[in-house]
Amino acid sequence: MYRATVCAPLLACATALVSACGDPPPTLGDLASRRGLLVGAAVQSQWLATEPDYAAAAAAEFHSLTPENAFKWMATEPSHGTFTWDEADAVADFAVAHHRTLRGHTLVWANSYSAQLFAILPDYVAQAPDAATMQGYLDEHIAAVVTRYADVTDRWDVVNEPLSTADATVDANVLTDTLGEAWMVRAFEQAHALDPEARLYVNEALIDGPGPRHDALMALVARLRAAGAPIHGVGLQSHFLFGAPPSADLESVMRDWGSVGLEVAITELDLPALDGDLDVQASAYRSVFESCLAVDACSEITLWGITDRHTWLDGFLGRPARPLLFDADMQRKPAYDAVAAALRGR
Ligand code: G3I
């Protein structure tokens, strides 16, 4: 009797514990995959290596990882023919170890506005003595990166920010000035030849609603496809510095891409909480996820980071932006719960 009365509650307790331990709450990635959506995050290799809580969240919560900087031209081939793979390999190794897929960001980024903010293209490319040499640099670079990471990468941002950031024209950068739009067609053809299974994207900023930039990108993508570029999708970067766009706007542009047979991914989502209102931020996040879930063409949402501890926006805005789902202590924010609720459909 003694054993029974003692053991029965203990057994009930143990059963509850085993059940709790054996059936952990689903992660964002799990919840999203039940809805046919891929949820990812941008990561940096140095924090994967040095911050266990960062690495644990990256591995647990997200089914896809994007190297925030490690695959970029400046990181992989800063001097012509000198390849520096350490950071990119570290991200790729992490993804393989945790059975995650990679979004290959980005093969070519030459946008003239971004080039004023960041070193995005090595000088030797811009200073190529003639068009043929410049095209040769592009060919060699794309071949090297795609060949090395084709096995672990299933989507590539082949061309990043082809539009002028200031208006709705094709960006007049050093590549387009020298080679015309043909360099983009060739970049897609080459990536497809080297990684035929991968889905290839144009990735662009400030195209999250109807308007001239959306129209300009649709026209550019149509021209590139007509010229033979194998394009499978369009990435909406979605750095929502001033809050989320109206759902109807976001859904409208996503449907437009779907109507021309392309998939659409939100590739760099972040939403600052500049006034500190985490509930407003949470409902904005929820709205973006619900929009993606409402549109068949929307296949992915990738966040531009994991924790408010590390975000490019702190530097860009000059103050703490707190734009992500985990706070600086790696605690879940209201935005995390709002995203989980959106993914659960309640
Ligand atoms: O790693 C070096 C370090 O060794 C060096 O000492 C330090 C000195 O400045 O720089 C470090 O590299 C910085 C890198 O971020 C890693 O933190 C670069 O200077 C800095 O330019 C780089 O900024 C990145 C930027 O793209 C340019 O590549 C941001 O982290 C990254 O969030 C941002 O991401 C872009 C997307 O690729 C495209 N869409 C817009 C988005 C935001 O700008």
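The analysis underlying the following values was restricted to heavy atoms, covering all of them including side chains, and did not include hydrogens, waters or symmetry mates. Counting starts at 1 for both ligands and their atoms, in listed order. Numbering starts at 1 and runs along the sequence shown.
By the definition of a contact as any protein heavy atom under 4.0 Å away, atom 29 (C) of ligand 1 is in contact. The nearest protein heavy atom to atom 7 (C) of ligand 1 is not closer than 4.0 Å. For atom 3 (C) of ligand 1, the nearest protein heavy atom lies 4.0 Å away or farther. For atom 23 (O) of ligand 1, the protein comes within 4.0 Å by at least one heavy atom. Less than 4.0 angstrom separates atom 43 (O) of ligand 1 from at least one non-hydrogen atom of the protein. Distance check for atom 10 (O) of ligand 1: every protein heavy atom is found at 4.0 Å or beyond.
Checking Phe316, Phe118, Trp304 against atom 34 (O) of ligand 1, the nearest heavy atom belongs to Trp304. The closest non-hydrogen atom to atom 26 (O) of ligand 1, taken over Glu268, Lys72, His105, Glu161, comes from Lys72.
Among protein heavy atoms, the minimum distance from atom 1 (O) of ligand 1 is reached at Glu87 OE2, 4.8 Å. Glu68 OE2, 3.3 Å is the protein heavy atom nearest to atom 31 (C) of ligand 1. Among protein heavy atoms, the minimum distance from atom 17 (O) of ligand 1 is reached at Gln44 OE1, 3.6 Å. Here the protein heavy atom with the shortest distance to atom 14 (C) of ligand 1 is Asn69 ND2, 3.6 Å.
Using a 4.5 Å heavy-atom threshold, the side chains of Phe62 and Arg100 count as separate. You'll find the side chain of Val264 stays beyond 4.5 Å of the side chain of Leu262, heavy atoms only. Residues Pro210 and Asp249 meet the side-chain proximity criterion, which asks for heavy atoms closer than 4.5 Å. The side-chain heavy atoms of Glu51 and Thr307, taken from C-beta on, include no pair separated by under 4.5 Å. Looking at Tyr285 and Leu325, their side chains come closer than 4.5 Å, going by heavy atoms from C-beta outward.
For Asn160, every heavy-atom contact with ligand 1 shorter than 4.0 Å involves the side chain, none the backbone. Only the side chain of Gln237 comes within 4.0 Å of ligand 1, counting heavy atoms alone; its backbone N, CA, C and O stay farther away. Contacts between Trp109 and ligand 1 below 4.0 angstrom, taking non-hydrogen atoms only, involve the side chain exclusively.
Checked against a 6.0 Å centroid threshold, the rings of Tyr149 and Trp85 count as neighbours. Close placement of the His239 and Trp312 rings is indicated, their centers lying within 6.0 Å of each other. For His80 and Tyr124, the distance between ring centers is under 6.0 angstrom. Phe94 and His98 have their aromatic ring centers within a separation under 6.0 angstrom. Between Trp156 and His232, the gap from one ring centroid to the other reaches at least 6.0 Å.
Taking 4.0 Å as the cut-off, His239 counts as a neighbour of ligand 1 on heavy-atom distance.
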